[in-house]
Amino acid sequence: MKKALKMIFLYLFLLIACTALGTVLYCVYLNVCNSVMGIKINLFKTDVLLKAFFYVSACVIVCISPLVALVNIRNKGGVARFITYIILSCISWVVLLPLVIHFGQNYDFINPEIEADNVAFSSDCFRKGEKNVYYFLEDLKKGHTYYSPSAQAVVIDTDTFGVVSVKEIKNEPSFELNELSGVYKDVIISESFDDEEINPFINFHIIIARAQRALDSGWTFCLGFLSLGLLLCSLYGISRLFMWKLISSGFMVAVTAVVLFVNTFCTTSPFFSSLIGKINASGFFEFLGRYMEEPFIVFLNLICSILIILAGVITFIHRKKKGLIQ
């Protein structure tokens, strides 16, 4: 009983601590990406805070099982710890994650854009484009689907024989400052950071979006998505694969990264997505595709889960016979 309570305490501590820290950091990220020079930032605005909270909570719930198993390596195992781990993992994936996604949809939590001030480009600031420098004489408002607001700006042509003129600038997607700003709202903000495109190998947006689609599509799609949860939870079986705890910890981190990599990058990169798409469109997987998303990845998750569980069972039996486990 004492070991079970310790496991529950560890789970709650990691869940709350990681969610709190992640929410604060993601709030800062959202405000930086959506900030406009000259416009005051409200860092912990309620809707932004809730958007960050639900998104980070979903990410933490996805990773909580291998994280608990990783931290638990330093503790002695036991049946009570193992059963508690299984129960907590089931609660995380079957109860908590659907609830977080359900309530997070009210705040469009997957979309990194936030409703800040209605200003797209503030006045009294110089903004450099590819060929021109813009100085808005008035704030340029944000555009909408059927409406492109405009504002007057001093346009300085940077060519050798360039001219200075006052033009009416429309806030359209094709406007060069919008194209140069990238993931940021203001080109001045984007110039403060490395402008090289970052392609992360692990993208939690893809995982959370897939979970949301599964919940909206039916129970078979949910079961297909839960194959990822089964695989991540089964990593407990290799948490003591090696006698040295440091090697076991490093191996756990590496395997967790590979699992998340396969379930995100391999379905978005041109080469792997094309290859997996051909597999999904053939024979048995084409049939499964009617009832779940990415059937080949689901099949791969299940096979890897079985292999990891078998590895854990064999390791346990081997050490039990040698008297290494009491």
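For reference, positions follow the sequence shown, starting with 1. Since the structure is predicted, the reported quantities are computational estimates derived from the model, not experimental observations.
Below 30°, between 30° and 60°, or above 60°: for F126 and Y135 the angle between ring planes is between 30° and 60°, a tilted geometry. Aromatic ring orientation, W93 versus F225: tilted (interplanar angle from 30° to 60°).
Between Y26 and the choices T23, L30, V24, the side-chain contact (heavy atoms from CB on, under 4.5 Å) rule is met once, by L30. Residue F251 forms a side-chain contact (heavy atoms from CB on, under 4.5 Å) with just one option from I238, L235, L246, T256, and that option is I238.
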As a quick check of understanding, evaluate side chain to side chain contact (heavy atoms under 4.5 Å, CB included) for S249 and L70, giving each step before the final call.
CA-CA 6 Å; S249 300; L70 177 65; 3.8 Å; yes
Test side chain to side chain contact (heavy atoms under 4.5 Å, CB included) on N72 and Y236; report intermediate values, then the result.
CA-CA 9 Å; N72 192 56; Y236 186 92; 3.7 Å; yes
Residues I208, V62; criterion side chain to side chain contact (heavy atoms under 4.5 Å, CB included); working and verdict:
CA-CA 9 Å; I208 306 305; V62 168; 4.1 Å; yes
Evaluate the side chain to side chain contact (heavy atoms under 4.5 Å, CB included) criterion for residues C27 and L49: first the C-alpha distance (whole Å), next the side-chain angles of each, then the deciding distance (0.1 Å), finally the verdict.
CA-CA 6 Å; C27 266; L49 191 63; 3.6 Å; yes
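When side chains are defined from C-beta on, I101 counts as touching F109, because their heavy atoms get closer than 4.5 Å. Residues Q212 and I110 form a side-chain contact, since some pair of their non-hydrogen atoms from C-beta on lies under 4.5 Å apart. A 4.5 Å side-chain heavy-atom check between S65 and Y85 finds at least one atom pair inside the cut-off. Side-chain atoms of L14 and V68, non-hydrogen and from C-beta on, do get closer than 4.5 Å to each other. At a threshold of 4.5 Å between non-hydrogen side-chain atoms, the residues M7 and L88 count as touching. Looking at heavy atoms from C-beta onward, R81 lies in side-chain contact with K6 at the 4.5 angstrom threshold. Between H205 and Y55, some side-chain heavy-atom pair lies under the 4.5 Å cut-off. Contact of the I156 side chain with the N132 side chain is not registered, since no non-hydrogen atoms from C-beta on lie closer than 4.5 Å.
To the nearest 0.5 Å, atom CD1 of residue I309 and atom CG of residue L230 are 5.5 Å apart. Atom SG in C222 sits 10.0 Å away from atom CG in L97 (nearest 0.5 Å). Put simply, CG on L260 and CD1 on I207 are 5.0 Å apart, with the number rounded to the nearest 0.5 Å. Separation of atoms SG (C233) and CD1 (I86) is listed at 9.5 Å; rounding is to 0.5 Å. Distance CG/L137 to CD/E168: 10.0 Å, rounded to 0.5 Å. Atom CE of M252 is separated from atom CG of L67 by 8.5 Å, given to the nearest 0.5 angstrom.
Counting only distance, with no hydrogens or angles, the side chain of K167 and the backbone of V155 share no donor-acceptor pair below 3.5 Å. Listed for the S234 side chain is a donor-acceptor partner under 3.5 Å among the backbone atoms of L231. Counting only distance, with no hydrogens or angles, the side chain of T19 and the backbone of I16 share no donor-acceptor pair below 3.5 Å. Distance alone, capped at 3.5 Å, places no donor-acceptor pair between the R240 side chain and the K245 backbone.
Counting heavy atoms of neighbouring residues, nucleotides and ligands inside a 6.0 Å radius, atom CZ of F53 does not exceed 12 of them. In this structure, Y107 places its OH atom where only 12 or fewer heavy-atom neighbours from other residues, nucleotides or ligands lie under 6.0 Å away. F299 CZ: 12 or fewer foreign heavy atoms inside a 6.0 Å radius.
No side-chain donor from either of T84 and Y11 sits under 3.5 Å from a side-chain acceptor of the other.
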